[in-house]
Amino acid sequence: MKILVLNAGSSSHKSCLFDLSQGAEGAAPHPLWRAALDWTHQQGKVELSASGAGESIQQVLSITDKAEGIEAMVKTLVEGPTQVLGELAEIAAVGHRVVHGGRHYQQPVVVDDEVKATIQSLVPLAPAHNPANLQGIEAIAQSLGTIPQVAVFDTAFHSHMPEAAATYPGPYAWVEQGIRRYGFHGISHQYVAQRAADLMGQDLASLRLLTCHLGNGCSLAAVKNGVCVDTTMGFTPLDGLMMGSRSGSVDPGILIYLMRQEGYTADQLDTLLNKESGLKGLSGRSNDMRAVAEAMEQGDAQAKLAIEVFIHRLRREMGAMIASLGGLDGVVFTAGVGENSPLVWQQACEPFEFLGLRLKDELGRDEADQDVAAADSAVRVLVVHTQEEWAIAQACRSLL
Ligand code: AMP
């Protein structure tokens with residue numbers, strides 16, 4: 001069974017083809033084919049890269065229409081050096097990452113007109129993401145006809161949170177309006193929690209895990225007996241931890257102050273908090289942790305402050321998640337920073353030594369998923385490479 005996965009964003013599209021007849025046990029297999037479109041490359045053009053059958057290509061195409069770009073990307077499955085299929089009809093289904101499923105979807109769902117209308121109705125909650133996800137679904141229908149398409153929601157894993165964790169303490173009208181904590185990165189949190197349980201040789205249903213997705217976007221989830229009981233992202237992905245260019249939680253009074261004293265508009269606040277804050281805003285350099293860490297090593301005081309605040313916020317929110325879990329069996333680090341930064345593992349874990357958590361003396365990155373806790377640690381610490389595309393492909397198989 002061959003499943004195509006599409007992760008459609010506003011400025012990029014990423015796609016993978018998996019063969020699910022290959023063993024599904026253990027770590028995710030390599031996809032048969034992988035491709036991406038980068039729409040930021042050059043005005044009026046798109047950069048297409050693809051790899052498959054041991055070959056890779058990179059082309060700049062004069063295309064501005066997203067559906068046309070997706071069609072060109074999909075063609076590299078059946079034409080040219082990256083060809084891995086005789087015909088597109090060999091694809092059994094297409095899985096899509098859809099960012100916001102609101103309160104409607106707690107599970108992946110086969111896409112039909114009603115599902116599309118619901119994703120459309122949720123655009124005000126995810127204006128940067130849901131339109132791009134829908135466009136991806138329409139483009140696949142254009143290229144592949146009536147193939148089954150499945151929507152896998154980034155919010156779904158968080159949809160069983162207790163009401164006390166999901167409710168914001170504003171007026172009760174917010175509850176009725178759907179202004180609540182939805183949480184995001186759910187596909188990743190769910191995948192790494194299950195993978196961590198497998199690595200620990202235990203049943204996920206018996207574990208209290210704190211999963212830390214630390215990439216350009218950052219969020220934590222408290223996963224108790226396989227269910228997410230708390231998370232740091234909220235009504236939007238802006239809540240919670242400090243991120244690459246997002247502020248995370250700030251005193252809402254700051255926003256009122258900026259509006260009153262400096263005449264900020266909603267759009268200006270949106271840009272400020274989503275694009276000009278976080279590591280980038282505080283360091284004044286970059287949203288990229290590697291660049292900020294390098295500047296800190298060279299003595300840059302702003303970069304040092306940015307990383308210190310990042311770590312402080314991370315520890316504080318980890319403490320909050322541990323309280324929601326009521327205990328701790330494992331911490332799981334994933335995504336760009338979480339998979340690659342021993343410094344972050346050390347600094348994040350240090351305050352929790354009082355729980356008996358101890359890291360190994362020698363820490364290093366590894367291509368494979370690994371347990372970086374000392375043998376006598378009371379809490380396991382797993383570094384797991386997140387595999388959102390593989391998780392989406394598996395969800396398609398289960399559903400179909
Ligand atoms: P993601 O959004 O998951 O692609 O993660 C992007 C973030 O991961 C950026 O801030 C990168 O700087 C960071 N990252 C990637 N590799 C490393 C590394 N070796 N050490 C620290 N951060 C890294």
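Read the numbers this way: they start at 1 and go in the same order the structure lists the ligands and their atoms.
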Could you tell me how the ring of Tyr168 sits relative to the ring of Trp174: parallel (under 30°), tilted (30 to 60°) or perpendicular (over 60°)?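 Plane angle over 60°, so perpendicular.
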Mutual orientation of the aromatic rings belonging to Trp39 and His13 [parallel < 30°, tilted 30-60°, perpendicular > 60°]: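 Perpendicular.
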Proximal atoms of ligand 1 relative to [X] (non-hydrogen, under 4.0 Å):
X: Ala335; answer: 3 (O)
X: Asn287; answer: 10 (O)
X: Arg365; answer: 19 (N)

Among all the protein's non-hydrogen atoms, which is closest to [atom], and how far away is it?
atom: atom 12 (O) of ligand 1; result: Asp288 OD1, 2.3 Å
atom: atom 3 (O) of ligand 1; result: Gly336 N, 2.9 Å
atom: atom 6 (C) of ligand 1; result: Asn216 N, 3.7 Å
atom: atom 19 (N) of ligand 1; result: Asn340 CB, 3.3 Å
atom: atom 10 (O) of ligand 1; result: Met289 N, 3.0 Å

Taking the ring of Phe18 and the ring of Trp390, is the distance between their centroids below 6.0 Å? yes
So for atom NZ, which belongs to Lys66, do other residues, nucleotides or ligands contribute more than 12 heavy atoms lying within a distance under 6.0 Å? yes
Show your reasoning for whether salt bridge (charged side-chain N to carboxylate O under 4.0 Å, His left out) applies to Asp300 and Arg285. CA-CA 10 Å; Asp300 185 293; Arg285 284 177 176 267; 2.8 Å; yes
Geometric N/O contact [X] with ligand 1, under 3.5 angstrom:
X: Val337; result: yes
X: Leu214; result: no
X: Arg290; result: yes

Flag, side chain of Thr271 to backbone of Asp267, donor-acceptor distance under 3.5 Å: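 Confirmed, Thr271 side chain pairs with Asp267 backbone.
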Check whether Tyr182 reaches the backbone of Gly178 with its side chain - one donor and one acceptor, N or O, closer than 3.5 Å. yes
Is Arg180 paired with Glu163 through a side-chain N to carboxylate O contact shorter than 4.0 Å? yes
Sub-4.0 Å protein heavy atom next to atom 16 (N) of ligand 1: yes
